[in-house]
Visitor: 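Below you will find the structure I want to go over with you.
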Amino acid sequence: MTHRRWFTPWLLVAPAVLWLFVFNVWPSINTVVLAFTNAKPLGGGRFTGLENFARVLDDDQLADALLNSVVFMLVCLPLLTMLPLLLAILVEKKLPGIMFFRTAFYTPVVASAVVVALIWGWVLDDRGLINGFAQWLGLVTEPVPFLTDRWLLLFSAISLTIWKGLGYYMIIYLSALGNVRRELHEAAAVDGAGPVRRFWSVTVPGVRNTMLLVSVLVSVSALRVFSELYVLSNGTGGPGGRDMSVVMLIQLYSRGFTGHLGYASALSIVLLVITIGPMLLLLRLNRKAA
């Protein structure tokens, strides 16, 4: 009987552990192994040492992809850290019709990223809503190349990411704002602090840990961006493929029967190392601020 009681918990968690190993642990280990080979989808390949990582240093396409991912992160990080907080403060107030605005802000979050990107592409197309309206008003004579210019395409994808992420991070901040004591706001108001002063002196310190969490989530998501750029560029990566993200580049090298799985795995490890960097930096800055 005692033996059964000891064995039962392990039996219950076995399916979850098996699932975790098969779909998370083993693929991660296999990726590290493949990074040191010239494996193909239909062949095991052979050990090549650091050849794939040496190739990373000379890959101009990877340099463009890294630049795109870093720009993506640098723009999204401050905007998706502060704007959702301001929205959360707004929708937290008990005003008439506020539930409508809460629903409106959160609707893009539950929509499919691919569907939203397709709609965004139709709006930004040369004959889309924005260009058609701008030409009708006489603001432009030629369509603005939102989807065919390298930097305009990149910032169009960034705007889509920000629009879709506002509601998600707003909900996270709403839960954090509930833990900020009202007495602190009342005391600050009695001392003569205005709304802006109370925001920086009471609200921001009260949600500092949540801001760190949001910053890490935004940084990781921005560096791993895929759907927005892929759909808006119709899978081409923009003019000359210069708008690819690192994830798009990994997908490019790994697909098809002649894909370079070894090099794609090396790129995956590079992306992991790059992703860990902002997380450690944000944690260090938070410790100094504390």
Visitor: Taking NZ, NE, NH1 and NH2 as the nitrogens, is one of them in Glu51 or Arg46 under 4.0 Å from a carboxylate oxygen of the other?
Guide: no
Visitor: Residues in ring-ring contact (aromatic ring centres under 6.0 Å, His included) with Trp26, at least two apart?
Guide: none
Visitor: Hey, does Leu34 have a side-chain heavy atom less than 4.5 Å from the side chain of Thr37?
Guide: yes
Visitor: My understanding is that only residues two or more places apart in sequence, or in another chain, count here; which of them pass ring-ring contact (aromatic ring centres under 6.0 Å, His included) with Phe36?
Guide: Phe53
Visitor: Can you classify the ring geometry of Trp151 versus Phe155 as parallel (below 30°), tilted (30 to 60°) or perpendicular (above 60°)?
Guide: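 Answer is tilted, since the angle falls between 30° and 60°.
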Visitor: Asp243 side chain to Asn68 main-chain N or O, any donor-acceptor pair under 3.5 Å?
Guide: no
Visitor: Do Trp10 and Leu12 sit in the same hydrophobic cluster, where Ile, Leu, Val, Met, Phe, Trp and Tyr count as joined when their side-chain heavy atoms come under 4.5 Å apart?
Guide: no
Visitor: Can you sort out the partners of Tyr263 under ring-ring contact (aromatic ring centres under 6.0 Å, His included), two or more places apart, ordered by chain and number?
Guide: Tyr253
Visitor: Who passes ring-ring contact (aromatic ring centres under 6.0 Å, His included) against Trp19, sequence neighbours left out?
Guide: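 Partners of Trp19 under the ring-ring contact (aromatic ring centres under 6.0 Å, His included) test: Phe23.
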Visitor: Does the side chain of Phe105 reach to within under 4.5 Å of the side chain of Leu166, using non-hydrogen atoms?
Guide: no
Visitor: When you compare the side chain of Leu223 with that of Val246, does any pair of heavy atoms fall below 4.5 Å?
Guide: no
Visitor: Take atom OH in Tyr168; do more than 12 heavy atoms of anything else shown fall under 6.0 Å from it?
Guide: no
Visitor: Are the side chains of Leu86 and Leu90 in contact, using a 4.5 Å heavy-atom criterion?
Guide: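 Result no, sub-4.5 Å side-chain heavy-atom pair not found.
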Visitor: Just to verify, what does Arg181 make a salt bridge (charged side-chain N to carboxylate O under 4.0 Å, His left out) with, not counting sequence neighbours?
Guide: Glu183
Visitor: Quick one: list whatever passes side-chain hydrogen bond (donor to acceptor under 3.5 Å, both in side chains) with Thr31, sequence neighbours left out.
Guide: none
